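Note that the numbering runs from 1 along the sequence shown for the chain. All values derive from a computational prediction rather than experimental measurement.
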Amino acid sequence: MKLFTETKTSATEEKPKPLKKNTGQHIVIISPRKSVLQELSSHLKMHNMKNIYEQQDSFFDLKDESMLNEASAVIIDIGTETDIEFIIETATLILPTFTRQVFVGDSDSIAFAQSLLSKGLIYLNLSSQLVQLATCVQGQSTPSSSLPSRSMLKFSVIGCKGGVGASSIAFQLFQTAGELTSIPSLLVQGASGSNDLDLLMEQAIPKDGSIYPINNTQSICVEIFDSAWSYNDPNYNKFNLIFFDHGLYSALTLERLEMIISQSHTLLLVITRELSAVRAAKKILDENVRVHLANPEQAIRIVICLNENHPKRSDELRDEDIAEYLERKIDAVSSYRPDNKKISSADSLYQLAANLVGKNVAEPAGKKSLSFSNLFRRKL
């Protein structure tokens, strides 16, 4: 029985106005069903909870994510959706890691609820478990300290030769992702990289391995040699998206490569038209095949990025030559920009960053869009 029938969604079906910034912590309820919004809101109000904001929308097609930025807790109605990979992928790309999350839906499968719990997500059945809603939102049931770490996207940008511009590519992807989403993200410049992140950012930054915030949602970290190649630093757990910038050409051991494959969601191999860079990329591709045959769970999706870091020369490898040698196509091309300006939405590198954070952006005429679901494999 609903004790409270008035909600912040008006009787004329108008959606609530966006929350103003600095309004303090609040609870957000997301559901495409008005009756579910009212039911969930009633349960919270019965426990004297306030600052409840209702968003009548589908979680999987959310148009406005601004209400999530300062939410202390988010309750998400997933309806009949039971695709665990899809649910977790969407949550990682939309919900900040510091926000407490409770999923509700129509499935009464214990196995489904346990599968989500094993990935760090709380799930309640709408018809039988809402009595637990308030305690879950307040953190009194299944405390966050006992939950497994939520999944995060780890995107490794690997330079296949010295001077290919991997650090620039990593920074440009990081910048673009920050423009397209408000989820917490981190750029880690590895000790094996160029160590020139301060030059790319045009500002002084700490180089002692500490995490340095550059705005409200983005931070950077420059690795030190004593902690190089670290993918599981506990300090990274507060970020949804992490870019790692590494130069693998100087440390291409099979053990290290297998470690990167097992820890990353996607490798972006940065090459130029030089044969030595293409050879290094081919070695990584071949090793990925070997790892996949030995352990199918460790194989990873690899993206080839051709960086045009100087004007074209007639004696260089052509696109078709590179594709033939690698036995696969080039996925993205970063155009030559002598003025080092930001990449535009017409650049395939911009499209790549957009797909990484699950955003649809206008694609230049005649160019085929990369598919996020096909391009990135989730490692959970």
Side-chain angles (χ1 to χ4, degrees), residues 155-177 187 189-190 192-202 243-252 257 260 266-289 301-356 361-370 375:
F155 193 70
S156 295
V157 181
I158 306 297
C160 292
K161 184 182 182 297
V164 298
S167 293
S168 296
I169 297 295
F171 181 63
Q172 288 163 347
L173 288 172
F174 176 69
Q175 273 188 315
T176 304
L187 171 61
Q189 184 165 69
S192 62
S194 60
N195 200 30
D196 62 354
L197 189 54
D198 55 341
L199 300 179
L200 293 171
M201 296 182 62
E202 299 181 341
F243 291 87
F244 292 92
D245 165 29
H246 284 302
L248 203 56
Y249 49 87
S250 61
L252 188 56
L257 182 55
I260 294 174
T266 299
L267 298 187
L268 189 145
L269 304 184
V270 182
I271 63 173
T272 59
R273 297 185 183 278
E274 298 171 274
L275 182 57
S276 56
V278 178
R279 280 178 174 171
K282 184 63 166 67
K283 184 176 180 179
I284 296 173
L285 291 171
D286 291 343
E287 178 60 14
N288 183 58
V289 172
R301 182 71 66 176
I302 296 182
V303 178
I304 303 295
C305 176
L306 174 62
N307 186 28
E308 303 279 18
N309 59 355
H310 58 257
K312 288 185 178 180
R313 299 194 296 261
S314 59
D315 59 341
E316 292 184 316
L317 293 175
R318 301 170 299 171
D319 290 4
E320 51 268 35
D321 298 326
I322 296 172
E324 181 180 0
Y325 188 90
L326 296 179
E327 299 180 348
R328 55 162 294 159
K329 66 181 181 65
I330 299 169
D331 298 291
V333 178
S334 179
S335 304
Y336 175 59
R337 290 181 296 276
D339 50 11
N340 202 31
K341 287 185 178 179
K342 280 188 176 181
I343 56 177
S344 70
S345 59
D347 197 299
S348 62
L349 198 62
Y350 187 99
Q351 302 292 327
L352 182 61
N355 282 303
L356 175 64
V361 293
E363 189 81 27
K367 293 190 70 176
K368 186 177 180 181
S369 176
L370 297 169
L375 184 59

Between [X] and [Y], which heavy-atom pair has the shortest distance, and what is it?
X      : Y      : answer
Asp347 : Ser335 : OD2-N, 3.7 Å
Ile169 : Val157 : CG2-CG1, 4.3 Å
Ala353 : Leu173 : CB-CD2, 3.7 Å
Gln172 : Leu349 : OE1-CD2, 3.4 Å
Gln189 : Asp245 : NE2-OD2, 3.2 Å
Asn309 : Gly163 : ND2-O, 3.1 Å

- prompt: Can you name the residues that form a side chain to side chain donor-acceptor pair (under 3.5 Å) with Arg279, not counting sequence neighbours?
  reply: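 Expected list: none.
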message: If you apply the rule side-chain contact (heavy atoms from CB on, under 4.5 Å), what do you find for Asp331 with Lys329, and how did you get there?
response: CA-CA 6 Å; Asp331 298 291; Lys329 66 181 181 65; 3.0 Å; yes
query: Taking everything shown except Glu316 itself, do over 12 heavy atoms lie less than 6.0 Å from its CD?
result: yes
- prompt: Taking the six-membered ring for Trp, are Phe174 and Phe171 parallel (under 30°), tilted (30 to 60°) or perpendicular (over 60°)?
  reply: tilted
message: Between Arg273 and Asp319 (salt bridge meaning N to carboxylate O under 4.0 Å), is one present in this structure?
response: yes
- prompt: From Leu267 CG over to Phe244 CZ, what is the distance, rounded to the nearest 0.5 angstrom?
  reply: 11.5 Å
message: If you apply the rule side-chain contact (heavy atoms from CB on, under 4.5 Å), what do you find for Leu352 with Leu268, and how did you get there?
response: CA-CA 10 Å; Leu352 182 61; Leu268 189 145; 3.0 Å; yes
field: Short side-chain to backbone donor-acceptor contact, Thr272 and Val164, under 3.5 Å
entry: no
- request: Would you mind telling me which of Leu306, Leu317, Asn307 makes a side chain to side chain contact (heavy atoms under 4.5 Å, CB included) with Ile271?
  value: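 That would be Leu306; it is the only one of Leu306, Leu317, Asn307 passing the side chain to side chain contact (heavy atoms under 4.5 Å, CB included) with Ile271.
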- request: May I ask you to test the Leu197-Leu187 pair for a side-chain heavy-atom distance under 4.5 Å?
  value: yes
field: Asp196 side chain reached by Ser167 side chain, heavy atoms, under 4.5 Å
entry: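 A side-chain contact under 4.5 Å exists here.
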- prompt: Can you tell me if Glu274 and Ser276 form a side-chain donor-acceptor pair at under 3.5 Å?
  reply: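 Distance-only check fails for Glu274 and Ser276.
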